[in-house]
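Numbers restart at 1 for each chain; the letters A, B, ... are given by sequence-line order, proteins then strands.
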Amino acid sequence: MPEGHTLHRLAVHHAGLFAGHEVHADSPQGRFTAGAARIQQIDAVEAYGKHLLYDLGEPGYLHIHLGLYGTFRDGVGSPPEPRGAVRLRLVGNGSWAELRGATACELYDDDQRGLLCDRLGPDPLRADGKAAPFVVRAGHSRAPIAGLLMDQSVVAGVGNVFRAEALYRARLDPYRSGRDVGDDALLALWTDLRILLRAGVRSGRIVTTRPADRDHGGRVTRDQAHYVYRRAGLPCRVCGTEVRTAVLAGRNLFWCPVCQSPAE
DNA sequence: CTATGATGGAAAC
DNA sequence: TTTCCCTCATAGC
């Protein structure tokens, strides 16, 4: 589930496993052999939006982007015999981690790291993530708010689930422009995104429904975790209207045409 | 068991 | 606009 919360969770987890330790790396798949050979230690791990950056000391940084398919596994003791396309394997401090299917796995120098951070918008999960750049940028745009939320240079870390759910919770029509939404609602959207993302870091899953809108109390079942995401054709949890879907910014958007009315 | 689509984004057309 | 990464959860048989 790689939206921003997944990467921040991984950063904390991998920092706990490897930060401050010598690490041996290889690439059983062979696509990152030269880069892996330069990894000797990991000093720190951080997430920025959906990107992971490992501070390696002298060689610079390891930059990883999971994309849609990328996945990490880890464990303690000696690593298992690599099976299939293992792009990167890290071993150190009594633990191992295995990366497969990532969009990006490469070494960065300071300049490349700087370029990446410069092109990303504020990340609601980071201490340095400020609302103002998001509000200003989105507030001047005539693009639909559902597209702006997917633009990593506007806000970093939001993906297709969080965009649909945050817009539902804000009762915002996804096709309204950022300019039309206005600064106050944009600030509220930012604040809610921060709440939702933080909850995602804590729990490791995306749950956006409020208790009152779930069928039962107690444990949140998977099909009750969202208001509109992947619920096309099903009744809106609040008003019963059929949830709609359309492709926006290259991905399937979901929304309730009544709760998220254009007039609001 | 197999088939399908997906939480992303860069590169190739 | 399409392809790719080549994983994984879910749906359906």
Engineer: Within this structure, what is the CD-to-C1' distance between E165(A) and dT7(B), rounded to whole angstrom?
Structural biologist: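 Going from CD in E165(A) over to C1' in dT7(B) covers 12 Å.
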
Engineer: dT7(B) P sits how many Å from L125(A) CG, rounded?
Structural biologist: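 So the two atoms are 19 Å apart, to the nearest Å.
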
Engineer: Measure from CG on L120(A) to P on dA10(B) and round the result to the nearest Å.
Structural biologist: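 Result: 9 Å.
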
Engineer: Can you measure R100(A) atom CZ to dC8(C) atom C1' for me and round it to whole angstrom units?
Structural biologist: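 Distance check: R100(A) CZ to dC8(C) C1' gives 11 Å.
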
Engineer: Starting from P on dA9(C), measure out to OH on Y69(A) and report it in whole angstrom.
Structural biologist: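 The answer, rounded to whole Å, is 14 Å.
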
Engineer: Kindly indicate whether the side chain of T103(A) and the base of dG8(B) share any N or O donor-acceptor pair separated by less than 3.5 Å?
Structural biologist: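 Side chain to base: pair found, below 3.5 Å.
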
Engineer: Closer than 4.0 angstrom, basic N to acidic O: yes or no for R89(A) and D26(A)?
Structural biologist: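 Salt bridge: yes.
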
Engineer: At 4.0 Å (heavy atoms only), tell me whether F162(A) reaches a base, stays on the sugar-phosphate, or touches nothing.
Structural biologist: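 Nothing, no nucleic acid heavy atom in range.
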
Engineer: Strictly below 4.0 Å: does K50(A) bring a side-chain N or O up to OP1 or OP2 of dG9(B)?
Structural biologist: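 Indeed, a polar side-chain atom of K50(A) lies that close.
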
Engineer: When rounded to the nearest Å, what value does the distance between P atoms of dC8(C) and dA10(B) take?
Structural biologist: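 dC8(C) and dA10(B) have their P atoms separated by 22 Å.
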
Engineer: Please report, rounded to the nearest Å, how far the P atom of dT7(B) is from the CG atom of L248(A).
Structural biologist: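 Going from CG in L248(A) over to P in dT7(B) covers 13 Å.
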
Engineer: Verify the contact: side-chain N or O of N252(A) to OP1 or OP2 of dA6(B), cut-off strictly under 4.0 Å; return yes or no.
Structural biologist: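 Checking N252(A) against dA6(B): at least one side-chain N or O falls below 4.0 Å of OP1 or OP2.
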
Engineer: Would you say the ring centroid of Y108(A) lies under 6.0 angstrom from that of Y61(A)?
Structural biologist: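 Between Y61(A) and Y108(A), which both carry aromatic rings, the centre distance is not below 6.0 Å.
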
Engineer: Roughly how many Å is it from CZ in R251(A) to P in dG5(B), rounded to a whole number?
Structural biologist: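 In whole Å, dG5(B) P lies 14 Å from R251(A) CZ.
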
Engineer: Do F72(A) and H14(A) have ring centres separated by under 6.0 Å?
Structural biologist: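 Distance test on ring centres: under 6.0 Å, yes.
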
Engineer: Name the nucleic acid region contacted by R31(A), choosing base, sugar-phosphate or nothing; use a 4.0 angstrom heavy-atom cut-off, strictly under.
Structural biologist: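 Contact class for R31(A): sugar-phosphate only.
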
Engineer: Taking atom CD of E22(A) as the centre, does the number of heavy atoms from other residues, nucleotides or ligands within less than 6.0 Å exceed 12?
Structural biologist: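 For E22(A), atom CD is not crowded (no more than 12 foreign heavy atoms under 6.0 Å).
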
Engineer: Does dC6(C) have its OP1 or OP2 closer than 4.0 Å to a side-chain nitrogen or oxygen of R87(A)?
Structural biologist: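 It does, given that an N or O in the side chain of R87(A) lies less than 4.0 Å from OP1 or OP2 of dC6(C).
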
Engineer: Under a plain distance cut-off of 3.5 Å, with no hydrogens placed, do D43(A) and Q41(A) share a side-chain donor-acceptor pair?
Structural biologist: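 Side-chain D/A pair, Q41(A) to D43(A): present.
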
Engineer: Can you measure R83(A) atom CZ to dT7(C) atom C1' for me and round it to whole angstrom units?
Structural biologist: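 That distance rounds to 16 Å.
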
Engineer: Looking at dG9(B), I'd like to know if its phosphate oxygens (OP1 or OP2) sit under 4.0 Å from a side-chain N or O belonging to Q152(A).
Structural biologist: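 For dG9(B), OP1/OP2 do have a side-chain N/O of Q152(A) under 4.0 Å.
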
Engineer: With nearest nucleotides of DNA chain B determined for H51(A) and V161(A) from heavy-atom distances, which residue corresponds to the more 5′ nucleotide?
Structural biologist: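 Mapping each residue to its closest nucleotide by heavy atoms, the 5'-most match is V161(A).
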
Engineer: Is the distance from OP1 or OP2 of dC6(C) to the nearest side-chain N or O of Q29(A) less than 4.0 Å?
Structural biologist: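 For dC6(C), OP1 or OP2 has a side-chain N or O of Q29(A) closer than 4.0 Å.
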
Engineer: Which part of the nucleic acid does R119(A) contact within heavy-atom distance under 4.0 Å: base, sugar-phosphate only, or nothing?
Structural biologist: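 The residue R119(A) makes sugar-phosphate contact but no base contact.
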
